[in-house]
Amino acid sequence: MGEQSRASFGGKISAILVAAGSAIGLGSIWRFPYMAGEHGGAAFLLVYLLCVFVVGIPVMLAEFAVGRKTRLNAVGAYRSLSKRWKWVGYNGALAAMFISGYYYIVAGWSLEYLVSSLFGPLYTSADSFTAQFDAFQASPRQAVYTVIFILLTHMIIVRGVVKGIEKAAKVMMPALFVILIVMAVRVAFMPDAAEGYRFFLKPDFREAFSAQTIFTAIGQAFFSLSVGMGCMVTYASYFKRDNNLTTTAFSVSLLTLLVAILAGLVIFPAVFSAGLEPSEGASLIFVTLPEIFKGMPFAALWSAVFFILLTLASLTSTISFHEVLTAYFAEEHDLSRKNATRLTSALSVALCALTLAFRFDINLGEWFHIENISFFEIFDYTSANILMPLGGLFTCIFAAWYMKPEFLRGELTNYGQLRGRAFPLLRFTLRYITPLLLIYIFVCNLGLF
Ligand code: PFF
């Protein structure tokens, strides 16, 4: 596609808004507390913070550079710079497919909770929130909400990436911060809140720390920042040539971090106050948050506002991984945008159906045995913990070793327009620190499989 005909995002703020719209979503509000709850609370938070700075931000910058330089979809971008590296783009497209196979389902949960807050039975039923969550998972409504979510995403993508996301992100993000802050203040007054703060903020490395903590925290950093899978490559292909990539990457990452920390400050005091377990798993926020709202005046209303925002935050994320595949099909396989969008949506429906329909055991003898697993866990684990870190590792090697230094310097300084003071540090990090850390973690964790 020619430079002129390719859509581009408005200006500086739009670039930050759309990229933050992709990053901020279920990853920070649903997945982060659930992973932190399962992997040691404060110790997890600390490692996650470190990963965002040492791995997430450098990889995001490298992806921005690849995307804006080439102005192509993830596969096309790597291919146009070097044929041999195009598989990094394919790795990303595969991760986008895996994420599509379960993310819409969780987004559908948020939609269900929105409707159920407003029209019952979330706050009118005598059943516990855990029982209600289980009942919802067993009902066909789950599939219906999943499909509705895919359709919503489809409709926005058909109209083009620019307007839909910019608009949604502009309203949603400030509102999301406000409601999270209100909730954080509210939970501070719940009984036994202090125990939650201790769990989330006071690291205990002796008890709750293992190689698995680091592995999971790195995966969470990739997932929550939408890096390592070509999403930021695709989005940066719509950035303007005068956008400052460094400020954009820092702003996006800091905003995402803030949302994740706020989510933790809301969830954990509430978990302990309600006598629940932080290691509850994927249902954590869906049983904990209603407990908070229940004690507030106008419970259903607060709850509805929160789930509208969570739905919107999820939508700006689903749009972004849908766009990775749509742009790939359209540009690499010469489909019209409309058909590429249809193909991606149909694929998403098929993958989610697979996830919702099957549960099975994996039995590889004594070495490896898991019972009653679904594609939900498989898609989540392989995308966040394997494909995305792998994509991130090779993006570093590509941008900082394979390409000439002028490539990164050029993109990060806008070819001499910006001073680029952070450039030497960034290049050093991308050449040595990030890849070595990722390789080390992969090697250490080989024993875990
Ligand atoms: N970062 C999104 C979230 O935290 O919800 C999830 C995501 C979006 C991952 C887009 C990857 C991606 F390409």
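Remember, it's 1-based here, ligands and their atoms both numbered in the order they're listed. Each residue takes its place number in the sequence, starting with 1. Bear in mind that the values here come from a model prediction, so they are computed numbers and not experimental data.
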- Using the six-membered ring wherever Trp is involved, compare the ring planes of Phe321 and Tyr104 and label them parallel, tilted or perpendicular (cut-offs 30° and 60°).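 It falls in the perpendicular class, over 60°.
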Out of all atoms in ligand 1, which are within 4.0 Å of some heavy atom of [X]? Include the element for each.
X      : result
Ser320 : 8 (C), 10 (C)
Leu26  : 5 (O)
Ser22  : 1 (N), 2 (C), 8 (C), 10 (C)

Please answer whether the main-chain N or O of [Y] pairs with a side-chain N or O of [X] as donor and acceptor at a distance below 3.5 Å.
X      : Y      : value
Tyr103 : Leu26  : yes
Arg337 : Arg159 : no
Asp380 : Glu377 : no

- Query: Does Phe222 reach ligand 1, in the sense of a heavy atom lying below 4.0 Å from it?
  - Reply: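 Distance cut 4.0 Å: Phe222 fails for ligand 1.
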- May I ask you to check whether Leu225 has an N/O atom sitting below 3.5 Å from an N/O atom of ligand 1?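 Checking ligand 1 against Leu225, no N or O pair falls under 3.5 Å apart.
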- Query: Is there at least one pair of N or O atoms, one from Cys231 and one from ligand 1, spaced under 3.5 Å apart?
  - Reply: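 No; the residue has no nitrogen or oxygen that sits under 3.5 Å from a nitrogen or oxygen of the ligand.
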Give me the residue, atom name and distance of the protein heavy atom closest to [atom].
atom                    : answer
atom 5 (O) of ligand 1  : Tyr103 OH, 2.4 Å
atom 9 (C) of ligand 1  : Phe223 O, 3.5 Å
atom 11 (C) of ligand 1 : Met229 SD, 3.2 Å

- Selection from Gly25, Ser226, Gly27 by shortest heavy-atom distance to atom 7 (C) of ligand 1: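 Considering heavy atoms of Gly25, Ser226, Gly27, the nearest to atom 7 (C) of ligand 1 sits in Ser226.
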- Query: Mind checking whether Leu257 and Phe53 have side chains closer than 4.5 Å, heavy atoms only?
  - Reply: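 They are in side-chain contact.
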- Can a donor-acceptor pair be found between the side chains of Ser224 and Ser28 at a distance below 3.5 Å?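 Note: Ser224 and Ser28 side chains miss the donor-acceptor criterion.
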- Query: Of Phe133, Phe307, Phe149, Tyr145, which is the lone residue that meets side-chain contact (heavy atoms from CB on, under 4.5 Å) with Trp109?
  - Reply: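 Of the listed residues Phe133, Phe307, Phe149, Tyr145, the side-chain contact (heavy atoms from CB on, under 4.5 Å) partner of Trp109 is Phe133.
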